[in-house]
Amino acid sequence: MDAMKKPSDSFNQLRVIPGGYVDGSDATTIDRTPAVVFNTIERTTPLARLTDNWNSYNALQPKYEAINGAIYLASRLFVEDLPEPDVMPVPNGNVQLEWSCHDMYLEMEVQSKHRVEVFYEDLRTQTQLEFVITHDFTKLSDALAELASRSRKTRLQVAR
Amino acid sequence: MAEEKDDDNGIHDDCGLLRRIPDSPNNIVFDQNLKRLRPSSANFRDVELSVDNLNLLKEDGLDHNYTIANFPDYGLIEITAGVVRSPQSGSQRIVTDAIEDNPYHTLIVGAKGKGAANHMSRNCKLIILPLHQRTDETS
């Protein structure tokens with residue numbers, strides 16, 4: 001059949017773009033990765049170019065484990081409608097992902113994909129939490145889901 | 001070591017403490033809750049956080065420009081000693097720590113959990129923006 005293509009040809013026409021869409025005339029698969037994941041990765045990887053003393057106060061170069069961990073966790077935990085985080089180096093070599101919106105403060109300081117310090121403050125409920133995660137990411141996932149939910153509600157209200 | 005020293009009560013709570021903020025992306029963030037720019041809490045995590053004592057600078061006829069004299073691309077923030085010493089900031093100690101090339105050098109000493117660092121980041125004053133965030137109005 002003329003329309004039949006070898007799998008490799010079809011694959012080469014697929015192009016994942018921010019927003020989670022796939023561009024390709026024969027595309028039959030849609031990548032559902034949220035755009036926030038792509039954008040977070042894009043903001044995180046340049047931190048690898050920083051060198052020691054990047055802040056003029058003897059800060060350490062961001063560690064490979066921290067950069068890799070931030071990318072890994074964004075890929076695993078970030079959901080649709082989650083606002084894009086600010087991404088910054090921490091002087092101790094960690095990487096921080098930070099949100100300050102929708103009456104919430106949420107900070108993930110990533111040392112590696114197995115160790116994350118979290119600060120969470122909800123201005124609506126006056127709840128403030130600080131915890132370290134090493135294996136169970138449930139509490140962090142819940143906080144991210146709440147932030148995404150508020151973001152979605154705001155977007156829908158604006159659209160009305 | 002500075003960690004063994006007591007809080008310098010000669011530094012009054014209204015004294016300004018200055019710290020440079022590097023000109024790399026996102027060290028200054030837009031806080032949508034406060035509706036203004038502020039430094040990221042990541043700038044306040046060092047157990048011994050270096051700052052300059054603004055009162056000492058003024059006594060010598062100097063000002064905040066001293067702190068960024070050799071760092072034209074950097075931003076600058078000011079935080080008061082009172083905020084730093086507050087329980088919400090983790091009851092930090094402020095220790096005069098003059099060094100050879102900076103007689104105004106001071107340390108904010110103490111463990112800074114994420115909540116304490118976040119509190120300091122929300123309660124300091126942005127004096128100068130880093131170069132890439134300056135506009136005609138702010139420069």
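Only this structure's heavy atoms are used, side chains among them; waters, hydrogens and symmetry mates stay out. Chain identifiers are assigned alphabetically (A, B, ...) following the order of the sequence lines, protein sequences preceding nucleic acid strands; residue numbering begins at 1 within each chain.
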Check your understanding: Quick check: are there more than 12 heavy atoms from other residues, nucleotides or ligands sitting under 6.0 Å from CZ of Arg124(A)?
Key -> yes
Point to revise | N-O pairing of Lys114(B) and Glu130(A) below 4.0 Å | key: no
Review point. Considering only heavy atoms, which portion of Leu34(B) lies under 4.5 Å from any heavy atom of chain A: side chain, backbone, both, or neither?
Key: both
Review point. Do the side-chain N and O atoms of Asn118(B) and Glu121(A) include a donor-acceptor pair separated by under 3.5 angstrom?
Key: no
Revision key, fill the gap. Checked Asp23(B), Asn26(B), Ile21(B), Asn43(B) vs chain A; the most non-hydrogen pairs under 4.5 Å come from Asn26(B)
Exercise for review: May I ask whether Met88(A) and Phe44(B) are part of the same hydrophobic cluster, defined by side-chain heavy atoms of I, L, V, M, F, W, Y residues being less than 4.5 angstrom apart, directly or through others?
Suggested key: no
Exercise for review: Side chain from CB out, backbone as N, CA, C, O: work out which of these in Leu47(A) comes under 4.5 Å of a heavy atom of chain B, or both, or neither.
Suggested key: neither
Check your understanding: Side-chain heavy atoms under 4.5 angstrom apart, residues restricted to Ile, Leu, Val, Met, Phe, Trp, Tyr: same cluster for Tyr57(A) and Val51(B)?
Key -> no
Check your understanding: Is there a path of hydrophobic side-chain contacts, each under 4.5 Å between heavy atoms of I, L, V, M, F, W or Y residues, that connects Val29(B) with Leu126(B)?
Key -> no
Review point. Checking Phe30(B) against chain A: side chain, backbone, both or neither under 4.5 Å from a heavy atom?
Key: backbone
Practice item. Would you kindly confirm whether Leu144(A) and Val87(A) end up in one hydrophobic cluster when ILVMFWY residues are joined by side chain heavy atoms under 4.5 Å apart? Key: yes
Review point. Given side chains that start at C-beta, do those of Asn27(B) and Trp54(A) come closer than 4.5 Å, heavy atoms only?
Key: yes
Exercise for review: Check whether Asp31(B) gets within reach of chain A through its side chain, its backbone, both or neither, counting any heavy atom under 4.5 Å.
Suggested key: both
Check your understanding: Should Arg45(B) and Asn94(A) count as side-chain neighbours, where that means a heavy-atom distance under 4.5 Å?
Key -> no
Practice item. Please determine, among Ala117(B), Ser40(B), Ser50(B), the option with the most heavy-atom pairs under 4.5 Å with chain A. Key: Ser40(B)
Check your understanding: Just by distance, do the side chain of Asn92(A) and the backbone of Asp46(B) share a donor-acceptor pair under 3.5 Å?
Key -> no
**Study point:** Contact origin within Arg20(B) toward chain A - heavy atom pairs under 4.5 Å
**Key:** both
Review point. Does a sphere of radius 6.0 Å around CZ in Phe131(A) hold more than 12 heavy atoms from other residues, nucleotides or ligands, not counting ones at 6.0 Å or beyond?
Key: yes
Review point. So which of Pro91(A), Ser56(A), Pro46(A) has the largest heavy-atom pair count under 4.5 angstrom toward chain B?
Key: Ser56(A)
Check your understanding: What heavy-atom pair brings Ala42(B) and Pro89(A) nearest, and what distance separates the two atoms?
Key -> CB-O, 3.7 Å
Check your understanding: Are Arg38(B) and Glu98(A) within salt-bridge range, i.e. N to O under 4.0 Å?
Key -> yes
**Study point:** Side chain to side chain, Arg122(B) and Tyr105(A), heavy atoms closer than 4.5 Å
**Key:** yes
Review point. Quick one: what part of Glu117(A) sits under 4.5 Å from any heavy atom of chain B, side chain, backbone, both or neither?
Key: both
Check your understanding: According to a 4.5 Å side-chain heavy-atom criterion applied to Ile, Leu, Val, Met, Phe, Trp and Tyr, with indirect links allowed, do Val110(A) and Leu50(A) form part of one hydrophobic cluster?
Key -> yes
Revision key, fill the gap. CZ of Arg36(B) to OG of Ser100(A), rounded to nearest 0.5 Å, is 10.5 Å
Practice item. Answer whether the closest heavy-atom distance between the side chains of Gln96(A) and Ser41(B) falls below 4.5 Å. Key: yes
Exercise for review: Run the numbers on Asn55(A) and Tyr74(B) for side chain to side chain donor-acceptor pair (under 3.5 Å), then give the verdict.
Suggested key: CA-CA 9 Å; Asn55(A) 70 349; Tyr74(B) 277 59; over 6 Å; no
